[in-house]
Every structure is written in C-alpha cells, then in structure tokens.
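Working notes for the structure below.
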Number of protein chains: 2
Amino acid sequence: MRMTIDPMGAPPGTLDMMILSLLVEEPLHGYLLARRIEERSGGVLGIEEGSLYPALQRLRKRKVVSDEWLTQESGRKIRVYSITRAGRKELVQTAGQWRTVNAAVEKIIQSIKGERSVRLT
Amino acid sequence: MRMTIDPMGAPPGTLDMMILSLLVEEPLHGYLLARRIEERSGGVLGIEEGSLYPALQRLRKRKVVSDEWLTQESGRKIRVYSITRAGRKELVQTAGQWRTVNAAVEKIIQSIKGERSVRLT
DNA sequence: CACGAAGCATAGATAGACTATGCGTATGAC
DNA sequence: GTCATACGCATAGTCTATCTATGCTTCGTG
C-alpha cells in the first residue's frame with residue numbers, strides 16, 4: 001500500500017514532525033528529505049513536493065529549523081536544513097501528542113480487525 | 001492531555017472511522033456518539049458538535065450509515081444512526097489504512113522518546 | 001543533444017475539523 | 001416559578017495542511 005499522507009493518511013502536522021525527526025540525525029535538503037521519508041517508511045509514505053516545500057517554509061518561519069544554501073561538488077546549489085534547539089523541543093512535544101492521540105483512537109477502533117501493524121515497546 | 005482531533009490530532013477521516021466503529025456495536029444518536037468517543041478514549045479525545053454533525057451528514061450521503069428519527073420516552077426526538085453493510089466494508093478498509101500509515105510514521109519518528117503509548121496485539 | 005533525475009518553488013483547489021451561533025426541550029435545584 | 005444545566009440537532013464561516021499542477025534550472029548519461 002502506497003499513499004500520500006493526506007487522504008486518510010496522517011494528521012496535519014505529521015509531515016512537520018517527520019521532517020524534524022529526520023533532521024535530528026543530520027542536516028538534509030528538501031529533495032533528500034522526501035527520499036528518506038519514502039525509504040524509512042518502507043515505501044508506504046510518499047511526500048509531494050507541493051507539500052514538502054511549503055512545510056519547510058513553515059518550519060523556517062517558526063524557527064524550528066535553520067537553513068543554509070550550499071553548493072555541492074557538482075556545482076549545484078542546495079538548501080540544507082538543520083533542526084534548532086526550539087525544533088528539538090517542539091519535536092518531543094508533538095511526538096508525545098501524536099502517540100497519545102493514536103493510542104486514544106486505537107482504543108476506539110480496537111475491535112476492528114485488519115492488518116495488524118503497530119507494535120511498539 | 002485533552003485535545004480535539006484536528007490540531008495535531010488525528011488525520012482527516014479519523015472521525016468518520018471512529019463513528020463507524022462505535023456503530024458496529026449498536027445504533028447511536030449524535031450526542032451519545034460524542035460522549036462515547038470521549039469516554040472510550042479515556043477522556044483524551046473531545047469531538048466538537050461542529051465536527052460531529054457534518055461528519056454524520058457525510059456518512060449518510062456516502063450511504064455508510066442509515067438514520068432514523070426516534071422519540072424517546074421523555075418525548076424528545078433523536079436521530080439514531082446505524083452502520084450499513086457498505087459501512088462495515090469501508091471501516092475495515094480505512095482502519096487497515098490508518099494502521100499502516102501509523103506504523104510507517106512511527107518508523108520514522110521511532111528514535112524520539114516521549115511518553116510510550118501504543119501497544120497492540 | 002536529448003532526456004530523465006535532481007532540486008527549488010508557488011498558485012490554486014480541496015476538504016475535514018474548528019469556532020461561533022442558533023434553536024428548542026427536559027430536569028433538578030433553589 | 002424560574003434558572004441553570006444537560007440534552008440534542010444543525011449550519012455558516014474560518015482555518016490550514018495537503019494535494020494537484022505547473023514552471024524553471026542544472027546535472028549526468030547515452
């Protein structure tokens with residue numbers, strides 16, 4: 001199953017959260033971020049560029065990421081994003097919220113059987 | 001933590017899914033549905049009436065629920081909803097999708113520690 | 001030199017959830 | 001008796017994150 005995160009996908013704000021999460025590991029530019037989300041999700045999630053770039057603008061304005069234009073060896077310019085201190089804080093918070101809500105929803109739909117998928121510890 | 005399902009809450013469509021899920025057990029009217037979601041989620045989720053009633057209209061138009069006006073003993077009229085065959089089908093499908101996406105997102109944010117919450121079997 | 005992948009960006013549409021508001025009835029307290 | 005509160009349905013308007021569609025540039029490869 002391959003899907004974008006909007007039409008019965010993930011909540012608004014999930015994209016922001018995922019971006020921040022990936023940036024904790026290392027600074028990345030937009031295009032690579034999209035690739036990473038795709039591979040890390042096992043190919044389940046696909047992020048449209050029309051979602052991604054506006055998201056990065058939001059994050060920048062909110063000061064949870066900083067950006068820097070770099071020129072890679074090839075000569076091509078890329079815009080590299082890093083997570084800020086405020087970003088880390090926001091991330092922990094929203095991730096907590098996200099999990100709380102998920103757990104709550106799962107309580108309600110738990111009787112519905114379907115592919116079993118989430119298993120955390 | 002108490003929250004509505006929109007602002008960093010649950011994906012669009014989650015409300016529909018939860019409603020259908022509750023209707024599998026028994027027919028319910030709007031007001032009671034909201035109450036149920038609240039209690040079943042352990043008080044975490046709160047559904048606004050401005051979200052609930054439009055959702056019920058949607059579901060009705062989509063023919064995944066049927067409705068019937070009843071008069072309860074007190075004399076007050078209530079609109080009672082039941083899930084249809086098509087509704088059951090949709091529910092299994094969307095619940096599966098929902099879990100798939102959640103699992104995918106969790107894979108991406110798994111390194112972020114916060115309150116541990118989901119545990120399914 | 002053509003063509004696909006890499007790379008950034010914006011404009012406009014969509015749609016679900018919210019806020020705010022309105023209306024009306026039953027019930028219990030004072 | 002009247003007042004507050006819970007019950008109960010509904011709509012209009014706003015918000016906003018995501019999507020679709022589009023445009024432009026550069027790099028690498030055959």
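So that the names make sense, note that chain A is the first sequence line, chain B the second, and so on, each numbered from 1.
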For this session: Determine, step by step, whether B/Leu20 and B/Met17 satisfy the side-chain contact (heavy atoms from CB on, under 4.5 Å) criterion, reporting the C-alpha distance in whole Å, the side-chain angles of both residues, the deciding distance to 0.1 Å, and the verdict.
Result: CA-CA 5 Å; B/Leu20 288 179; B/Met17 179 176 69; 5.9 Å; no
Atom pair distance, as rounded to whole Å: [atom1] in [X] and [atom2] in [N]:
X       : N     : atom1 : atom2 : result
A/Lys77 : C/dA9 : NZ    : P     : 13 Å
A/Tyr31 : C/dA6 : OH    : P     : 3 Å
A/Leu70 : C/dC8 : CG    : C1'   : 14 Å
A/Leu33 : C/dC8 : CG    : C1'   : 13 Å
B/Glu73 : D/dG8 : CD    : C1'   : 16 Å
A/Ile47 : C/dG7 : CD1   : C1'   : 17 Å
A/Leu52 : C/dG7 : CG    : P     : 12 Å
B/Glu48 : D/dC9 : CD    : P     : 16 Å

What nucleotide among [options] has an atom nearest to a side-chain atom of [X]?
X       : options               : result
A/Tyr81 : D/dT18, C/dA17, C/dA9 : C/dA9
B/Asp16 : D/dC9, C/dA17, C/dC18 : C/dA17
B/Ile78 : D/dC19, D/dG8, C/dA5  : D/dG8

Exercise. With sugar-phosphate meaning primed atoms plus P, OP1 and OP2, does B/Gly50 contact a base, only sugar-phosphate, or nothing at under 4.0 Å between heavy atoms?
Worked result: base
Exercise. At under 4.0 Å between heavy atoms, what does B/Gln57 touch on the DNA or RNA strands: base, sugar-phosphate, or nothing?
Worked result: sugar-phosphate
Problem set entry | Position toward the 5' end of DNA chain D (nearest nucleotide), B/Tyr53 or A/Glu49 | B/Tyr53
Exercise. Where along residues 58-69 of chain A does a heavy atom fall under 4.0 Å from DNA chain D?
Worked result: A/Arg58
Problem set entry | Where protein sits on nucleotides 24-30 of chain D, one letter per nucleotide: B base, S sugar-phosphate only, - none, heavy atoms under 4.0 Å | --BBS--
Exercise. Considering the options A/Arg60, A/Arg62, A/Lys61, which one meets the side-chain contact (heavy atoms from CB on, under 4.5 Å) requirement together with A/Val64?
Worked result: A/Arg62
Exercise. Checking side-chain contact (heavy atoms from CB on, under 4.5 Å) against B/Ile37, which of B/Ile47, B/Leu32, B/Val44 comes through?
Worked result: B/Ile47
Problem set entry | OP1 or OP2 of D/dA6 under 4.0 Å from side-chain N/O of B/Arg35 | no
For this session: Report yes if at least one side-chain N or O of B/Gln72 is closer than 4.0 Å to OP1 or OP2 of D/dG8; otherwise report no.
Result: yes
Identify the heavy atoms of [X] and [Y] that sit nearest to each other, and give their distance.
X        : Y       : value
B/Ser51  : B/Leu15 : O-CD2, 3.7 Å
B/Ala55  : B/Ile19 : CB-CD1, 4.0 Å
B/Lys107 : A/Ser41 : NZ-O, 4.1 Å
A/Ala104 : B/Leu45 : CB-CD2, 3.9 Å
B/Leu23  : B/Ser82 : CD1-C, 4.2 Å
B/His29  : B/Ile78 : ND1-CD1, 4.0 Å

Problem set entry | Charged tip of B/Arg79 within 45° of B/Tyr81 ring normal and under 6.0 Å | no
